[in-house]
Each structure stands twice: as C-alpha cells, then as structure tokens.
Amino acid sequence: MFNCYVCGCNITKNNTYKEHIILNSLGGKLISPSIICNSCAPKFDPIDTALSSQFNLYGLMLNIERDRGKNPPIKVKVTGTDNQISLDAGGKPVLISPIIQEKSDGNISITVRDKKGLRKILNGLQRKFSFTEDIESIINRANKSEEYLGKPVDINVEIGGEELFRAICKMIVSFYMQNGGSRQEILHLLPYILHGTNEAFVSYYYPDKEINTKSKISQILHRLFIKAVANEKVMYGYVELFSTFKFLILMSDNYTGKDFQHSYEFDVLNRNKVESSININLPKDIVIETVKNQKINLNNFHDAIQKLWLFIVEKQSNDCLNDIIQNSMKTAFEGVTEGEVVNNEDFYLLIETLSENLAKFLSSRNQGLEDYPDKNID
C-alpha cells in the first residue's frame, strides 16, 4: 500500500498520478505512480511552471526530447536592433514578422516564414489592390531559402527565486519518497514547498572543489543525490540540472531514521539512466551553514554557465553539419534509384553543393564565435 506524501491518502488505481520527479519539460524520464495522488498533484503546478519556464531555454537550445510535447520557442532581439525573431528547437532562428518591401521597379518583395503566412499577406494585398493573378500560382513561384542569421541575439533569462527553490525541494523530496523514504521525515518541508515560508532549505551549491563524478565530456546530465546520517541526525540532498545548475537542500537537521543514500544520473541527450558515481560527504554544520547563508560562488557559477554554452554551440554546429551533409546528398542523388550506379555528374553536383553549403556554414560559425559574448553572461 502506497500513500500520497502530501495528504497521506491511500493511492489506488482511481487516484494514482504519474509524477515526473524530474519534469518532462526538462527531458526527465524518472516517473513514480505511487508518491502523489491526482488531487494533490495540481497543487505543485505553480512551482513546476516556474522551474519549467526558467530552464526552457536550455532544453530548447540543446533540442532535447521529451515524453510529450516540445520545448516552446522563445522570442529574442537581434543585437543592436529592434527586430525580434523566434528561436526554435536547436536554436534555429525563425522570422516572426513578415518583411514587405517595395522595389524600385514597382514590384513588392515579401519575406515570410512559411506558405501560410505568405497566403495571408497575398489575400490582404489582393483585397487592397484587386490584382487578378491566382494567389496559389504566386505561392508556387516563390523562392524557398534558408539563411544563417549572421548576427548575435540578446537573450534574457533569469534563474532563481523562491518558486524555483521550492520546486527543487519538491524534486528531491519526491526522489526520497520514491526510494522508500519516510513521510514523517519530510512533513516539515511541505508548507515550504506548497506555500513558501521564511525558512531556508535550498541554496545554490558551487564549492571550490569540484564534485567527483565519472561523467563524460560529451554528456549533459541531471543528477539527484540524497544522504542521511543517523548519528548526526541530518539528511541533505543535491540536485544538478543540465550539468550546470547545482543546488544543496537541507532536508532535515533532526533526522530520526536510519542511514540512507540514493543517487540517480540521467543523460539528457541520449535519454538514458547512467551509472551513478556521485557521492557527497558533508558535515552537518557545513550543510546548515551553506543553506542558511544563501551565498553563491559567482566565479564557479559563471564557469559552469560558460561550459554549458560552449557545449551548446558545439552541438548545434555538429547538428548543422549533419543536416548539410544529408541535404546535399539528397539534392545530388535525388533522381538516383536504389541499386543504381551513381555517375560522375551526380558526384560533381554533390561536391559543388556540399562545398557551397559548408562555406556558408563556416563563415557564419566563425562570425558567431567572434561575437560570442563571454562578458555578457551575467
């Protein structure tokens, strides 16, 4: 028999709720149907929304997969202008507002993101100027093209606040309960998680000495860790998101249970659980002091953010290169059937297309690296 750790009711097939311990919006797959009932689950919506919205940018730029839905695009401003664009999955820039320009020869140039947008504008122009040419014919003649933005954008994102800390606390409590924890040991945390209190239970955690793990440089991980030490009467947790955002949680300074330790590590990009190597040993007084002081090592935090963004740039570059190769092969070998011998003309077309697209990519990438605003990551 399982009980909801919020209200204490028995969880049955009629009130069960599949709780994402690490949110679906963060790419999480750790789910438990036996810790929260479906009546209590909505009580966490405000803090879950805050957590999701603050970290949406990173899931979007990494183009993570989710059990359901996709990370919503965000609006950003092109640096030095008032122009707004949308960043879609993988950081792909997409036009928001159409660009309509009257040319010197009297014709009109229209730039839009898709056929639907072009059709809407042409319908409006047809009503205004009463031209007779078939709109679908105009759409079919339109040139479809993709261009690199070639300019930096301003991205404003805030990480922090009470709702975020409460969501982090809820995450580690859910992990504790999923692993057989006692509800009595976390009851004092529920008022803080649900409503917020003046007490401090969560802080950023960027110690001078790196936390020892065996993670690979190619991995972006979510990590959860809990340790309870019976003779010190302390239980604390650690949450790490996207290998970058790190939190320490004082779960109890009057712990009455047995020694307890559990950890979980999840590869966000490959979407699989990896062998956990994390082990954090902290004296009770250090845990309490860290959480109560609410201080953050800004240099270490800055370094962690810097590493994440460099990883994102490299991943997006590799993804773009793969797309260039696949699209160039599709263009060159479009008329080639399976089993047919490819002729020299097709190979020359592949080399020409690939060279042209790679030149555009490398030019844009080099410009982007020159404009990489290290000094603007605050």
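Everything quoted here is computed from the prediction, not taken from an experiment.
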Indicate whether the side chain of Glu185 and that of Thr256 have a donor and an acceptor atom separated by less than 3.5 Å.
-> yes
Shortest non-hydrogen pair, Val76 vs Asp154, comes out as CB-O, 3.6 Å
Does some side-chain heavy atom of Tyr5 sit less than 4.5 Å from a side-chain heavy atom of Ser174?
-> yes
State whether Lys292 and Glu199 are salt-bridged, where the test is any N-O pair (Lys NZ or Arg NE/NH1/NH2 against Asp/Glu carboxylate O) under 4.0 Å.
-> no
Got Leu87 and Pro73 here, is their nearest side-chain heavy-atom distance under 4.5 Å?
-> no
Side chain to side chain, Val239 and Phe245, heavy atoms closer than 4.5 Å | no
Linking I/L/V/M/F/W/Y whenever their side-chain heavy atoms sit closer than 4.5 Å, directly or via other members, would Ile85 and Val94 fall into one cluster?
-> no
Determine whether Gln219 and Leu269 make a side-chain contact, defined as any pair of heavy atoms from C-beta on separated by less than 4.5 Å.
-> no
Does a salt bridge link Glu356 with Lys360, judged by any charged N lying under 4.0 Å from a carboxylate O?
-> yes
Indicate yes or no for a side-chain donor-acceptor contact from Ser355 to the backbone of Glu352 under 3.5 Å, with no hydrogens or angles considered.
-> no
Identify whether the distance between the nearest side-chain nitrogen and carboxylate oxygen of Lys284 and Glu289 falls below 4.0 Å.
-> no
pair Val291-Ile249: side-chain heavy atoms closer than 4.5 Å | no
Do Lys233 and Tyr255 meet the cation-pi criteria used here (NZ or CZ under 6.0 Å from the six-membered ring centre, within 45° of the axis)?
-> no
CA sep, side-chain torsions, deciding dist, call: Tyr206, Leu298, side chain to side chain contact (heavy atoms under 4.5 Å, CB included) | CA-CA 8 Å; Tyr206 292 88; Leu298 290 176; over 6 Å; no
Is Asn156 atom CG crowded by more than 12 heavy atoms from other residues, nucleotides or ligands, each under 6.0 Å away?
-> no
Scan side-chain atoms only and decide if Asp88 and Ser86 contain a donor-acceptor pair under the 3.5 Å cut-off.
-> yes
Given Lys273 and Asp267, is the salt bridge (charged side-chain N to carboxylate O under 4.0 Å, His left out) satisfied, shown in steps?
-> CA-CA 6 Å; Lys273 180 182 176 182; Asp267 186 327; over 6 Å; no
Would you check if the side chain of Arg166 reaches a backbone N or O of Ile47 as a donor-acceptor pair within less than 3.5 Å?
-> no
Distance-only side-chain donor-acceptor flag, Asn299 / Asn297, under 3.5 Å | no
Within a strict 4.5 Å, meaning less than it, do heavy atoms of the Leu358 and Leu321 side chains meet?
-> yes
Is any side-chain N of the basic residue among Lys307 and Asp303 closer than 4.0 Å to the acidic one's carboxylate O?
-> no
Side-chain atoms of residues 23-36: list all donor-acceptor pairs with protein atoms under 3.5 Å, sequence neighbours left out, distances to 0.1 Å.
{"unit_1": "Asn24", "atom_1": "OD1", "unit_2": "Asp67", "atom_2": "N", "d": "2.9"}
{"unit_1": "Asn24", "atom_1": "OD1", "unit_2": "Arg68", "atom_2": "N", "d": "3.3"}
{"unit_1": "Asn24", "atom_1": "ND2", "unit_2": "Arg68", "atom_2": "O", "d": "3.0"}
{"unit_1": "Ser25", "atom_1": "OG", "unit_2": "Ser52", "atom_2": "OG", "d": "2.9"}
{"unit_1": "Ser32", "atom_1": "OG", "unit_2": "Ser34", "atom_2": "N", "d": "3.3"}
{"unit_1": "Ser32", "atom_1": "OG", "unit_2": "Ser34", "atom_2": "OG", "d": "3.4"}

Taking the six-membered ring for Trp, are the ring centroids of Tyr264 and His262 within less than 6.0 Å of each other?
-> no
Does the pair Asn272 and Asn270 meet the rule for a side-chain hydrogen bond (donor to acceptor under 3.5 Å, both in side chains), with working shown?
-> CA-CA 6 Å; Asn272 60 272; Asn270 292 316; 4.5 Å; no
Shared ILVMFWY cluster between Leu349 and Phe347, side chains joined below 4.5 angstrom?
-> no
Just wondering, more than 12 heavy atoms not from Asn198 lying within 6.0 Å of its CG?
-> no
Give a yes or no on whether the backbone of Ser328 and the side-chain of Thr353 come within a donor-acceptor separation of less than 3.5 Å.
-> no
Please answer whether the main-chain N or O of Lys295 pairs with a side-chain N or O of Asn293 as donor and acceptor at a distance below 3.5 Å.
-> no
Kindly assign one of parallel, tilted or perpendicular to the pair Phe260 and Tyr176, based on the angle between their ring planes and the thresholds 30° and 60°.
-> perpendicular
Got a sec: does the OH of Tyr348 have more than 12 other heavy atoms crowding it under 6.0 Å?
-> no
Donor on one side chain, acceptor on other, Asn327 and Asn357, under 3.5 Å = no
Shortest non-hydrogen separation from Met61 to Gln316 and the atoms involved | O-NE2, 3.1 Å
Taking all heavy atoms of Ile278 and all of Glu265, pick out the closest pair and write down the distance.
-> N-OE2, 3.3 Å
Ring geometry between Phe301 and Tyr204 (parallel below 30°, tilted from 30 to 60°, perpendicular above 60°) | tilted
Smallest separation among heavy atoms of Cys9 and Asn15, with atom names = SG-ND2, 3.7 Å
Distance only, no hydrogens: is a donor on one side chain within 3.5 Å (strictly under) of an acceptor on the other, for Ser203 and Gln294?
-> no
Check whether any side-chain N or O of Tyr17 sits under 3.5 Å from a backbone N or O of Ile11 as a donor-acceptor pair, and report yes or no.
-> no
Are any of the side-chain nitrogens in Asp259 or Lys227 under 4.0 Å away from the carboxylate oxygens of its partner?
-> no
Kindly work out whether a path of hydrophobic side-chain contacts (I/L/V/M/F/W/Y, heavy atoms less than 4.5 Å apart) joins Leu190 to Phe2.
-> no
Residue pair Ser263 / Ser276, side-chain donor-acceptor N/O under 3.5 Å = yes
Reported CD1-to-CD1 distance for the pair Ile172 and Ile168, which is rounded to 0.5 angstrom | 9.0 Å
Answer yes or no: is there an ion pair linking Lys70 with Glu65, defined by an N-O contact shorter than 4.0 Å?
-> no
Phe201 and Ile193: side chain to side chain contact (heavy atoms under 4.5 Å, CB included), yes or no, with the steps?
-> CA-CA 10 Å; Phe201 295 103; Ile193 295 172; over 6 Å; no
Over all atoms of both residues, closest heavy-atom pair of Leu250 and Leu189 = O-CD2, 4.2 Å
If only atom types and distance count, is the side chain of Asp253 paired as donor or acceptor with the main-chain N or O of Val234 below 3.5 Å?
-> no
Would you please indicate yes or no on a ring centroid separation below 6.0 angstrom for Tyr238 and Phe247?
-> no
Are Val6 and Leu187 in one and the same hydrophobic cluster, where Ile, Leu, Val, Met, Phe, Trp and Tyr link if side-chain heavy atoms are under 4.5 Å apart?
-> yes
In this structure, are over 12 heavy atoms from other groups packed under 6.0 Å from Glu133 atom CD?
-> yes
Derivation of the side-chain hydrogen bond (donor to acceptor under 3.5 Å, both in side chains) call for Asn63 and Asp319 | CA-CA 10 Å; Asn63 196 15; Asp319 290 346; 5.3 Å; no
Would you say Ser252 and His188 make side-chain contact, with heavy atoms under 4.5 Å?
-> yes
Is it possible for you to say whether Val112 and Ile96 belong to one hydrophobic cluster, with membership spreading through side-chain heavy-atom contacts below 4.5 Å?
-> no
Mind checking ring pair (Phe, Tyr, Trp, His ring centres under 6.0 Å) for Phe175 and listing every partner two or more places apart, or none if nothing turns up?
-> none
Please report the C-alpha distance between Lys170 and Glu19 in whole Å, then the side-chain angles of each, then the deciding distance to 0.1 Å, and finally whether the salt bridge (charged side-chain N to carboxylate O under 4.0 Å, His left out) criterion is met.
-> CA-CA 11 Å; Lys170 174 231 178 183; Glu19 169 69 8; 2.6 Å; yes
Is there a side-chain contact between Asn38 and Asn14 (heavy atoms, below 4.5 Å)?
-> no
Correct closest heavy-atom pair for Leu51 and Ala167 would be CB-CB, 3.9 Å
Give the ring-plane orientation class for Phe242 versus Phe55, where under 30° counts as parallel, over 60° as perpendicular and anything between as tilted.
-> tilted
